[in-house]
Amino acid sequence: IMISATTAYDRTMDNIRSNLTKEMERISKEISDAIEDGKFRIKIDKLSGITRMQLEKLGYKIDSDSEFFGTYDVISWDKI
């Protein structure tokens, strides 16, 4: 039996919220570790669009960069 579009939408939104929460928890820990080390930025594998928006809304600066192994995002909170 095929699920309804409404059910599919609801499940998708639940997964987006769950993934966002997990990603934000992981990033929060990495930021806390960096703060303890006296750093003002961290490198993260490519962020999802929604996570990027949430971080920018919280005042973080996000830049993309790349190296031999691929693209990554830099999250920074320095004011200089």
For Met24, all residues meeting side chain to side chain contact (heavy atoms under 4.5 Å, CB included), sequence neighbours excluded: Leu20, Thr51, Gln54, Leu55, Leu58
Show the atom names and distances, to 0.1 Å, of all donor-acceptor pairs under 3.5 Å that link a side chain in residues 32-41 to residues at least two apart or in another chain.
{"unit_1": "Ser32", "atom_1": "OG", "unit_2": "Ser28", "atom_2": "O", "d": "3.1"}
{"unit_1": "Asp33", "atom_1": "OD2", "unit_2": "Lys29", "atom_2": "NZ", "d": "2.9"}
{"unit_1": "Arg41", "atom_1": "NH2", "unit_2": "Asp78", "atom_2": "OD2", "d": "3.0"}

Asp14: side chain to side chain donor-acceptor pair (under 3.5 Å) partners, not counting sequence neighbours: Arg17
Evaluation steps, side-chain contact (heavy atoms from CB on, under 4.5 Å), between Ile16 and Ile50: CA-CA 9 Å; Ile16 289 171; Ile50 193 165; 3.9 Å; yes
Side chain to side chain, Asp65 and Tyr72, heavy atoms closer than 4.5 Å: yes
Check: Ile44 and Val74 side chains under 4.5 Å, non-hydrogen atoms: no
Validation row: Leu47, Ile27 side chains within 4.5 angstrom (heavy atoms): yes
Side chain to side chain contact (heavy atoms under 4.5 Å, CB included) involving Met2 - partner list, sequence neighbours excluded: none
Spatial distance of atom CD1 (Ile42) from atom CD (Glu30) [nearest 0.5 Å]: 5.0 Å
With sequence neighbours excluded, residues passing side chain to side chain donor-acceptor pair (under 3.5 Å) with Ser4: Thr7
Salt bridge (charged side-chain N to carboxylate O under 4.0 Å, His left out) involving Asp45 - partner list, sequence neighbours excluded: none
Those residues that, when tested against Lys61, pass side chain to side chain donor-acceptor pair (under 3.5 Å) (two or more places apart): none
Under the salt bridge (charged side-chain N to carboxylate O under 4.0 Å, His left out) test, residues paired with Arg11 that sit two or more places apart: none
Non-neighbouring partners of Lys22 that pass side chain to side chain contact (heavy atoms under 4.5 Å, CB included), sequence neighbours left out: Ser18
Salt-bridge contact Arg52-Asp73 (side-chain N to carboxylate O under 4.0 Å): yes
Point-to-point distance, once rounded to the nearest 0.5 Å, from CG of Asn19 to OG of Ser48: 8.0 Å
